[in-house]
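Computation of the quantities below employed the complete heavy-atom set of this structure, encompassing side-chain atoms and omitting hydrogens, waters and symmetry-equivalent molecules.
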Amino acid sequence: ASLDGVVLYEDIPYLLDSLFGQAVPTSGGVFLYDRAYAAPLGAVPSSPRIFSLYYGDVGNDYAGSGMEVTELGITGESNGKFEYSASLLGKAVTASGIAAMADRTVVVAQGNDTTLYIDAFGGTVGTTEIATTAFSFDLAINSNRAAKYHLGNKAPDALREAKWEGTLSLVLEVNTASKAYLTDILAGTNPLKKLIRIKSLLDTQYLQIDFAGTTLAAPEIFNDNDGVSTIEVEFSGEVDTASFDNWLKIVSRNTVATLA
């Protein structure tokens, strides 16, 4: 199954819990709760959140049970909202009624509330802010998780875990900061390696994405964004073995103490 939507500070932990394993919330302040996630480097993610996905209308409604996120994409752009796309694996689809849902007050993660930081490998992520440069980002995470089917079973009876992979693409205005990255890439002596933080913060809630990566693909240069020259750089996840000690970490802070 696939699921697409707008990134809400209150709800994004559901998808992150399913992909990374359920995070234990810690206090981020008064009535604030932090949930931290990291890409597994060896061990299988523990206790992934498994849920049912309902679809349809009255009299024609179905439920996919045993749903678990296998791939997750998060995108954001200036003057726009963050959006997600998720791929899910499930066990079975059955006819099922859809329960009534109450309206809620929610907060959308926005590009206008977002700060970009870029630092060197081996350094401290989130140190150097890169202002008035980025137009958009595209994060893609693939757990390579797959269902296993054995003789005698109609539904999958287990999941196969594999090495994770991911990319982070940035569309940047051509200026002094971005030109330095392009110069390093074109020099070809060493791959460009960076620690990147993307943080969307509104009042006290935030979504923080920390990514360590290297440029393996050629950049797209001199594209046009409403008359502004841009470059698009794609970073492939690579473990920074210094203090960061991973290639992907995500922190969600919201006002939800317990996920239903």
Side-chain angles (χ1 to χ4, degrees), residues 2-20 34-39 69 71-87 106-119 125-143 164-175 177-178 181 194-213 215 217 219-220 223-226 228-237 246-256:
S2 61
L3 191 64
D4 303 286
V6 176
V7 173
L8 306 176
Y9 290 121
E10 294 82 1
D11 288 354
I12 193 63
Y14 285 100
L15 299 177
L16 296 174
D17 268 8
S18 184
L19 182 62
F20 290 87
D34 292 352
R35 292 175 173 86
Y37 305 90
V69 175
E71 297 181 52
L72 180 63
I74 299 176
T75 62
E77 62 181 9
S78 55
N79 292 320
K81 54 189 177 295
F82 281 25
E83 297 181 328
Y84 72 82
S85 60
S87 296
V106 295
V107 182
V108 177
Q110 301 270 2
N112 293 358
D113 303 318
T114 300
T115 305
L116 171 68
Y117 303 84
I118 300 180
D119 294 285
V125 65
T127 299
T128 307
E129 179 181 348
I130 306 298
T132 61
T133 297
F135 287 113
S136 64
F137 75 90
D138 186 338
L139 172 69
I141 311 166
N142 186 357
S143 71
W164 287 31
E165 57 188 6
T167 59
L168 176 62
S169 296
L170 300 174
V171 175
L172 309 171
E173 180 178 350
V174 176
N175 59 19
S178 62
Y181 307 143
K194 293 295 181 181
L195 290 173
I196 302 165
R197 169 169 291 176
I198 296 169
K199 185 172 184 178
S200 179
L201 167 67
L202 182 61
D203 296 328
T204 55
Q205 300 189 95
Y206 67 75
L207 178 66
Q208 177 177 287
I209 300 168
D210 290 341
F211 189 94
T215 51
E220 295 184 19
N223 291 328
D224 180 84
N225 186 323
D226 196 21
V228 178
S229 184
T230 67
I231 62 172
E232 181 174 352
V233 183
E234 180 185 271
F235 293 87
S236 297
N246 208 302
W247 64 270
L248 176 64
K249 296 179 181 180
I250 298 177
V251 177
S252 165
R253 172 177 290 180
N254 61 24
T255 57
V256 181

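- Using a 4.5 Å heavy-atom threshold, the side chains of Thr215 and Tyr181 count as separate.
- For the residue pair Tyr84 and Val6, the shortest heavy atom distance occurs at CE2-O, 3.5 Å.
- Under 3.5 Å, the side chains of Asp119 and Thr128 contain a donor-acceptor pair of N or O atoms.
- Residues Phe137 and Phe82 bring their aromatic ring centres within 6.0 Å.
- Side chain of Ser87 to main chain of Glu71: no donor-acceptor pair is present (N/O by atom type, distance under 3.5 Å, no hydrogens or angles).
- To the nearest 0.5 angstrom, Ser85 atom OG is 9.5 Å from Leu3 atom CG.
- The CD1 atom of Ile74 sits 8.0 Å away from atom CG of Leu15, with the distance rounded to the nearest 0.5 Å.
- Distance check, rounded to the nearest 0.5 Å: CD1 of Ile141 to CH2 of Trp164 gives 7.0 Å.
- Taking 4.5 Å as the limit, some side-chain heavy atom of Glu129 sits within range of a side-chain heavy atom of Thr115.
- The line from CG of Asp210 to OH of Tyr117 is 10.5 Å long, rounded to the nearest 0.5 Å.
- Applying the side-chain hydrogen bond (donor to acceptor under 3.5 Å, both in side chains) test to every pair with at least one member in residues 130-141, sequence neighbours left out, gives these pairs: Thr133-Asn175.
- Pairs of residues two or more places apart, or lying in two chains, that qualify as salt bridge (charged side-chain N to carboxylate O under 4.0 Å, His left out) and include a residue from residues 77-87 are Lys81-Glu83.
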For Tyr206 and Asp113, run side-chain contact (heavy atoms from CB on, under 4.5 Å): C-alpha distance rounded to whole Å, both residues' side-chain angles, the deciding distance at 0.1 Å, then the answer.
CA-CA 9 Å; Tyr206 67 75; Asp113 303 318; over 6 Å; no
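- What you find for Ile231 and Ser178 is that their closest heavy atoms are CD1-O, 3.7 Å.
- Shown here for Pro219 and Val233, the closest heavy-atom pair between the two residues is CB-CG2, 4.4 Å.
- Counting only distance, with no hydrogens or angles, the side chain of Ser18 and the backbone of Tyr14 share no donor-acceptor pair below 3.5 Å.
- Using a distance-only test at 3.5 Å, with no hydrogens or angles considered, a donor-acceptor pair links the side chain of Gln205 to the main chain of Thr255.
- Between Ile209 and Leu248, the closest side-chain pair of non-hydrogen atoms falls below 4.5 Å.
- Residues Leu16 and Leu72 have side chains in contact (heavy-atom distance under 4.5 Å, counting atoms from C-beta outward).
- Minimum interatomic distance between Ile196 and Leu116 (heavy atoms only, all atoms of both residues): CG2-CD1, 3.7 Å.
- Here the shortest heavy-atom pairing between Asn246 and Ala212 reads O-CB, 3.7 Å.
- Annotation: side chain of Leu8 is in contact with side chain of Val108 (closest heavy-atom distance under 4.5 Å).
- Side-chain contact between Pro13 and Asn254: present, with at least one pair of heavy atoms (C-beta onward) separated by less than 4.5 Å.
- Taking the ring centroids of Trp247 and Phe235, they lie at or beyond the 6.0 Å cut-off.
- Residue pairs satisfying the salt bridge (charged side-chain N to carboxylate O under 4.0 Å, His left out) criterion with at least one member in residues 5-15, sequence neighbours excluded, are listed as follows: Asp11-Arg104.
- With rounding to the nearest 0.5 Å, the separation of CG in Asn223 from OG1 in Thr230 is 4.5 Å.
- The residue from Leu170, Val171, Leu172 that alone fulfils the side chain to side chain contact (heavy atoms under 4.5 Å, CB included) condition with Glu232 is Val171.
- Atom NZ in Lys194 sits 7.5 Å away from atom CD1 in Ile118 (nearest 0.5 Å).
- Contact between Arg253 and Thr204 at its shortest, heavy atoms only, is CD-O, 3.1 Å.
- If you check the side chains of Tyr37 and Ser252, you find no donor sitting under 3.5 Å from an acceptor.
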